[in-house]
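The structure under discussion is supplied below as structure tokens; questions concerning it will follow.
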Protein chains: 2
Amino acid sequence: MFVKHLPHKTVERLSQYRRTLLLILSKEKTHVFSHEIAQMLHITPVQVRRDLMLIGYSGNLRKGYDIKELIEMIGKIIDTEKGQKVAVVGLGNLGKAFISYFKGKRSKLTIVAAFDNNPYKIDKVYDGVPCFHVDRISEIIKRDNISIAIITVPSEQAPVIAETLVLAGIKGILNYTPKPLNVSPYVYLEEYDMITSLEKVAFFAKKNDERFK
Amino acid sequence: MFVKHLPHKTVERLSQYRRTLLLILSKEKTHVFSHEIAQMLHITPVQVRRDLMLIGYSGNLRKGYDIKELIEMIGKIIDTEKGQKVAVVGLGNLGKAFISYFKGKRSKLTIVAAFDNNPYKIDKVYDGVPCFHVDRISEIIKRDNISIAIITVPSEQAPVIAETLVLAGIKGILNYTPKPLNVSPYVYLEEYDMITSLEKVAFFAKKNDERFK
DNA sequence: AGTAAATGGTAAATGGTCAATACAATAGTC
DNA sequence: GACTATTGTATTGACCATTTACCATTTACT
């Protein structure tokens, strides 16, 4: 699939479209209209059509979009053919949450390894995912050809972990640590901080409340 | 503090500024320059100055910004005087992650209750936070005057939980479930889906890789 | 004094995203 | 054939975020 440039937001929505479509696939329905998708995700039908236009998928005028075809089409855009392997660095609560949450959800994206420095966790298997010592990050990543890493270690450790990952040839990092990271421009980095999110909610909740009082 | 309208991103950055400043407060430094803050967060100095301009804080030309004053100023903007109370609904891995992550970090924002439907967890205390049965959400929220809720339950349960929360008078919701929620406009809602994030990283990692190959 | 350097303050330009709107084309229905 | 529902597409305007550029002030140094 050759798509010039997909906006970040569109990529996010495509992921959501697919997940939503997978849910209604089991039903007897074979087609879906843009306004149905829109309603499920609380956006406008035009937004949906526009996104699908960008990836070059055309629906049927009278029946809407073929659910199965659309799911495949989105897969062609956002998945790779062979799939991508994912590692979780830091098997604390957050790392575990990710693994269980993810279990059996995506076929093209699989969590194949976890890393930690707690000896009690090493060489155990959590929810089907083997855990290794962080010292072996480079080795395992190269051996298993892992391209994506999720960092859920304590923030002090994040920078050195990130450096190790980049040197090992990782292609994308999802950083759940409040510590902003510095990585090579060849590596895609996405940062998310739960505390910032919560403070943001608190702020706008307060504002809302004042406004409507 | 009277600020017309703060953009979402600015609020997020203010939260980060404060956290970063708290870290360097212990040092002997009393002042900090915009380019120093910028460097720590990997943004531009102008961005920092612009954000601070929006909240009406002025620095000293030669010394930069007074760290302590700035922290206080940010607090005046994003905190409430009395503080806000937070509840975690769903004491699985993610809920626990949030609680431990949060412990002792913010004084104005405190997690005071957790809810779950697992009888083994009810009436226990996790990391200082008591856990109640979800049936008691309304009661506890009103009793303790909780204004913010974090939803980390399985996605099927999210809509009914959200409705309960709204009816109980919650002011802000942070939804970690892939299920988009529908809440009254008086309630501020922020949604975050870990799988979408990961798929986004996977997509742009792939793109990056193709581009630089 | 005069001047250069560093820094904060502010305005203007740019680019991305989205909502609203409009409308042509198509396929099915009456 | 007219009507209706839907997709496909373009346009506009608004808003937001970020970058660029420029100005003003202070300090240090000559």
Side-chain angles (χ1 to χ4, degrees), chain A residues 3-17 21 29-67 69-70 73-74 180 185 188-191 196 200 203-204 207, chain B residues 3-17 21 29-67 69-70 73-74 180 185 188-191 196 200 203-204 207:
Chain A
V3 179
K4 268 204 303 272
H5 192 68
L6 286 185
H8 283 213
K9 295 283 175 117
T10 297
V11 174
E12 288 176 15
R13 280 192 299 269
L14 287 174
S15 160
Q16 291 173 337
Y17 295 162
L21 293 174
K29 279 188 66 158
T30 60
H31 289 72
V32 66
F33 296 121
S34 60
H35 68 259
E36 293 177 298
I37 300 179
Q39 199 179 15
M40 288 185 283
L41 294 170
H42 305 130
I43 56 178
T44 68
V46 182
Q47 183 75 263
V48 176
R49 292 205 297 274
R50 222 163 146 282
D51 286 334
L52 298 187
M53 195 178 91
L54 284 177
I55 65 169
Y57 183 70
S58 290
N60 180 303
L61 263 185
R62 201 55 188 174
K63 294 192 261 177
Y65 301 92
D66 183 300
I67 298 179
E69 266 182 34
L70 182 48
M73 188 68 176
I74 293 178
Y188 180 82
L189 171 68
E190 170 113 352
E191 315 211 288
T196 296
K200 185 179 165 193
F203 175 79
F204 285 108
K207 284 273 274 206
Chain B
V3 179
K4 267 206 303 272
H5 194 66
L6 285 186
H8 285 211
K9 293 283 175 119
T10 296
V11 174
E12 289 175 14
R13 280 192 298 267
L14 287 174
S15 160
Q16 292 173 338
Y17 296 161
L21 292 174
K29 279 188 64 154
T30 60
H31 288 72
V32 65
F33 296 120
S34 61
H35 69 258
E36 292 177 299
I37 300 179
Q39 199 180 15
M40 288 185 279
L41 295 170
H42 305 130
I43 57 179
T44 68
V46 185
Q47 185 74 264
V48 175
R49 293 204 298 270
R50 217 166 156 289
D51 287 335
L52 298 187
M53 194 179 92
L54 284 177
I55 65 170
Y57 184 70
S58 290
N60 180 302
L61 259 186
R62 202 55 192 172
K63 292 190 260 176
Y65 301 93
D66 183 299
I67 298 178
E69 265 182 35
L70 183 47
M73 188 69 175
I74 294 177
Y188 180 82
L189 171 66
E190 169 111 353
E191 314 211 290
T196 295
K200 185 179 166 194
F203 174 79
F204 285 108
K207 285 273 274 202

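Residue numbering restarts at 1 for every chain, and letters A, B, ... go by the order of the sequence lines.
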Could you run down nucleotides 25-30 of chain C 5' to 3' and tag each one B, S or - for protein heavy-atom contact under 4.0 Å? -BSS--
Given atom CG of A:Asp51 and atom P of D:dT9, what is their separation to the nearest angstrom? 14 Å
Check: protein-nucleotides 18-21 of chain D nitrogen or oxygen pairs below 3.5 Å:
{"from": "D:dT18", "atom 1": "OP2", "to": "B:Arg13", "atom 2": "NH1", "distance (Å)": "2.5"}
{"from": "D:dT18", "atom 1": "OP2", "to": "B:Arg13", "atom 2": "NH2", "distance (Å)": "3.1"}
{"from": "D:dT18", "atom 1": "OP2", "to": "B:Gln47", "atom 2": "NE2", "distance (Å)": "3.2"}
{"from": "D:dT18", "atom 1": "O5'", "to": "B:Gln47", "atom 2": "NE2", "distance (Å)": "3.3"}

Residues in ring pair (Phe, Tyr, Trp, His ring centres under 6.0 Å) contact with B:Phe204, at least two apart in sequence or another chain: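 B:Phe204 satisfies ring pair (Phe, Tyr, Trp, His ring centres under 6.0 Å) with A:His8, A:Tyr188 only.
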Any side-chain N or O of B:Tyr65 less than 4.0 Å from the OP1 or OP2 oxygen of C:dG9? yes
List the residues meeting salt bridge (charged side-chain N to carboxylate O under 4.0 Å, His left out) with A:Glu36, not counting sequence neighbours, and say none if there are none.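 Per chain and number, A:Glu36 pairs via salt bridge (charged side-chain N to carboxylate O under 4.0 Å, His left out) with A:Lys29.
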Short side-chain N/O contact from B:His5 to OP1 or OP2 of D:dC16, under 4.0 Å: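 Yes, such a contact exists.
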Between C:dG8, D:dG8, C:dT7, which nucleotide has the shortest distance from any of its atoms to the side chain of B:Ser34? C:dG8
Once salt bridge (charged side-chain N to carboxylate O under 4.0 Å, His left out) is applied, do any residues pair with B:Glu12, and if so which ones, sequence neighbours excluded? A:Lys200
Under the rule for side-chain hydrogen bond (donor to acceptor under 3.5 Å, both in side chains), what residues qualify as partners of A:Glu69, not counting sequence neighbours?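 If we apply the side-chain hydrogen bond (donor to acceptor under 3.5 Å, both in side chains) test to A:Glu69, skipping adjacent residues, the hits are A:Tyr57.
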What is the separation between atom CG on A:Leu6 and atom C1' on C:dC18, rounded to the nearest whole Å? 16 Å
Can you tell me if B:Ser58 touches the phosphate of C:dG8, counting only side-chain N or O atoms and a distance under 4.0 Å to OP1 or OP2?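 Checking B:Ser58 against C:dG8: no side-chain N or O falls below 4.0 Å of OP1 or OP2.
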Would you indicate whether the side-chain heavy atoms of B:Arg49 and B:Tyr65 approach each other to under 4.5 Å? yes
What is the distance, to the nearest angstrom, from the CZ atom on B:Phe33 to the P atom on C:dA6? 11 Å
What is the distance, rounded to the nearest whole Å, between atom NE2 of A:His35 and atom P of D:dG8?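 The answer, rounded to whole Å, is 14 Å.
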Which residues pass the ring pair (Phe, Tyr, Trp, His ring centres under 6.0 Å) test with A:His35, sequence neighbours left out?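 By the ring pair (Phe, Tyr, Trp, His ring centres under 6.0 Å) rule, A:His35 matches A:Phe33.
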Can you sort out the partners of B:Arg13 under salt bridge (charged side-chain N to carboxylate O under 4.0 Å, His left out), two or more places apart, ordered by chain and number?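 In terms of salt bridge (charged side-chain N to carboxylate O under 4.0 Å, His left out), with neighbours along the sequence ignored, B:Arg13 is linked to B:Asp51.
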Set of residues satisfying ring pair (Phe, Tyr, Trp, His ring centres under 6.0 Å) with respect to B:His31, sequence neighbours excluded: none
